[in-house]
Amino acid sequence: NTEFTWRVSIPIWISGIMSIFAYFLTIRLIPGLKNMFIKANLFGSDMNKRNSDKIPEALGVVSGCIFLITLFIFIPIPFTNYIFENSNFPHNEFVELLAALLSICCMLLLGFADDVLDLRWRHKILLPTIASLPLLMVYYVNFNSTLIIIPKPFRVWFGLSVDLGLIYYIYMGMLAVFCTNAINILAGINGLEVGQSLVIAMSIMIFNIIELNGSLWKAHQFSLYFILPYITTSLALFKYNRYPAQVFVGDTFCYLSGMTFAVVGIIGHFSKTTLLFFIPQIINFLYSVPQLFHLVPCPRHRLPKFNKETEKLDPSVTVFKKTELNRVARLIMTVFRSLKLVNWQEDSDGTVTCNNLTLINFVIIIIGPTREENLTKILLLIQISCSILAFSIRYPLASVFYDV
Ligand code: UD1
Ligand code: MG
């Protein structure tokens with residue numbers, strides 16, 4: 001009925017309009033703030049260019065702040081009816097919104113700290129865990145439903161549902177850690193960090209819009225409140241970060257993005273679908289495992305190498321003695337080599353030259369040296385194809401595994 005459609009769609013339209021304002025504000029703010037960042041020593045050099053100008057770093061904090069401010073101003077909008085009617089105020093929904101904001105806000109702060117202080121690897125795991133605590137607490141108070149429905153094929157062993165209890169909270173915390181870091185390590189060429197995040201965000205948006213007609217519309221409406229301003233502010237950032245980059249987004253942006261996706265996935269109860277939109281990041285993570293866990297030496301930067309003669313990008317490499325590898329590492333690398341997943345060259349004296357294990361380098365190995373702007377486009381096309389794949393598995397698969 002119309003009353004219902006009104007309640008569902010009006011706040012979304014308002015959120016949409018505010019998001020458009022946020023877009024133009026971000027577009028205006030970033031150029032003005034660039035020099036301030038350089039003055040504050042927040043800059044990096046673009047390793048894939050001839051010149052080494054100072055490029056301001058961590059501009060994700062600007063788009064992130066506008067994103068948060070838009071949401072702060074938006075807070076009363078979904079609740080205006082209750083405020084005017086002065087009855088049945090939905091405190092649980094309200095506290096969810098605030099906790100989600102608190103988690104994202106916390107992640108923005110910690111991400112910025114990482115950019116300024118250049119933290120170690122173990123902190124990168126710790127930060128998102130800390131930032132997700134407010135959210136998990138609210139989840140506990142509001143739902144505390146850690147019951148999961150078992151997929152049909154496994155019901156013979158586990159029954160219809162299982163209460164995961166604490167394990168479910170650990171899963172949610174790990175989801176935040178994964179989403180944040182997975183975006184951060186699929187990085188290093190202009191526009192890739194924002195580009196992939198935008199594809200994921202738009203996929204979530206489309207999924208939410210489809211699901212607005214379903215019984216869980218409230219969760220998807222809630223998710224849209226976050227995703228719309230996220231998309232527009234990131235789009236503005238993309239304008240400056242795309243090739244040739246005028247600004248870098250910093251870890252601030254990667255953390256903020258991952259946390260936003262984890263938050264809407266957790267509160268909206270669609271975290272498995274969210275993960276489906278992370279297929280390239282999951283592949284990149286699995287491929288990176290030997291280097292992430294230091295089984296194979298991992299240099300500070302793994303981004304592709306700029307070739308000054310051809311102006312194209314070659315895969316970057318890590319060089320080590322074969323004797324440095326322990327047994328597990330040797331086994332994994334033997335598997336990788338037999339599947340032709342790596343470029344592996346061995347000298348007579350046992351010195352190994354192997355490409356850094358990232359999806360970006362792997363794509364270059366497959367298609368040959370590529371110009372930076374084309375490489376970003378190809379990787380974003382892969383991301384889009386994976387989202388299409390995600391949609392085409394999500395719906396048919398759901399009916400195979402669950403009664404929908
Ligand atoms: C992650 C990656 C690292 C990669 C880096 C690039 C892992 C474990 N870590 O580290 O391999 O090299 O991201 O972002 O996989 N930069 C460019 N062009 C770009 C973007 C970044 O040259 O388009 C360079 C700039 O010098 C910039 C720096 O990368 O200052 C930022 O790196 P940072 O985000 O601090 O690296 P990490 O996230 O720690
Ligand atoms: Mg980074």
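Note that ligands are numbered from 1 as they come in the structure, with each ligand's atoms numbered from 1 the same way. In this chain, residues are counted from 1 in sequence order.
- A pairwise comparison of heavy atoms in Glu193 and Gly188 identifies OE1-N, 4.4 Å as the closest pair.
- Near Gly44, meaning under 4.0 Å from one of its heavy atoms, ligand 1 places the atoms 30 (O).
- Considering backbone and side-chain N/O atoms, Ala187 never comes within less than 3.5 Å of an N/O atom of ligand 1.
- We find that Asp118 and Arg300 are joined by a salt bridge, their nearest charged nitrogen and carboxylate oxygen being less than 4.0 Å apart.
- Using a 4.5 Å cut-off on side-chain heavy atoms (C-beta onward), Met172 and Tyr139 make contact.
- With respect to Arg242 and Glu373, no salt bridge is recorded, no charged nitrogen being found less than 4.0 Å from a carboxylate O.
- Aromatic pair Phe270/Phe207: ring centres closer than 6.0 Å.
- Checked against a 6.0 Å centroid threshold, the rings of Tyr230 and Phe261 count as neighbours.
- Side-chain atoms of Arg302 and Ser288 form a donor-acceptor pair, as typed in the model, at a separation below 3.5 Å.
- When only interatomic distances are considered, the shortest N/O to N/O separation between Asp118 and ligand 1 does not fall below 3.5 Å.
- Protein heavy atom at the shortest distance from atom 24 (C) of ligand 1 is Met47 CE, 3.7 Å.
- For atom 5 (C) of ligand 1, the nearest non-hydrogen atom from the set Glu372, Arg120, His301 comes from His301.
- Considering each of Pro304, Pro299, Gly188, the one bringing a non-hydrogen atom nearest atom 18 (N) of ligand 1 is Gly188.
- Between Phe285 and Phe178, the ring planes are perpendicular. Angles over 60° get that label, and only those under 30° would be called parallel.
- The Mg ion (ligand 2) has no N, O or S atom of Glu193 inside 2.8 Å of it.
- Using a 4.0 angstrom heavy-atom cutoff, Ala245 does not count as in contact with ligand 1.
- Asn142 places a side-chain N or O within 3.5 Å of a backbone atom of Asn92 that can act as its donor or acceptor partner.
- For ligand 1, the atoms lying closer than 4.0 Å to a non-hydrogen atom of Ser45 are 22 (O), 25 (C), 26 (O).
- Ranking protein heavy atoms by distance to atom 9 (N) of ligand 1, first place goes to Ile185 CG2, 4.2 Å.
- With ligand atoms numbered from 1 in the order given, ligand 1 contributes 18 (N), 19 (C), 23 (O) to contacts under 4.0 Å with heavy atoms of Asn190.
- Annotation: atom 11 (O) of ligand 1 to nearest protein heavy atom, Arg302 N, 2.8 Å.
- Using modelled atom types and a 3.5 Å distance limit, the side chains of Ser316 and Asn361 yield a donor-acceptor pair.
- Summary: OD1 is the N/O/S atom of Asp251 found nearest to the Mg ion (ligand 2).
- Ring pair Phe277/Phe391: centre-to-centre distance below 6.0 Å.
- Listed by number with element, the atoms of ligand 1 under 4.0 angstrom from any heavy atom of Asp251 are 33 (P), 34 (O), 38 (O).
- Within the 4.0 Å heavy-atom cutoff, Lys124 counts among the residues contacting ligand 1.
- The closest non-hydrogen atom to atom 35 (O) of ligand 1, taken over Lys54, Glu57, Arg242, Arg300, comes from Arg300.
- In this structure, Tyr287 and Phe362 have perpendicular ring planes: the angle between them is above 60°, well past the 30° mark.
- Checking Leu42, Leu357, Asn184 against atom 1 (C) of ligand 1, the nearest heavy atom belongs to Asn184.
- The shortest N or O to N or O distance between Asn48 and ligand 1 is not under 3.5 Å.
- The part of Phe248 lying near ligand 1 is the side chain, judged by heavy-atom distances below 4.0 Å.
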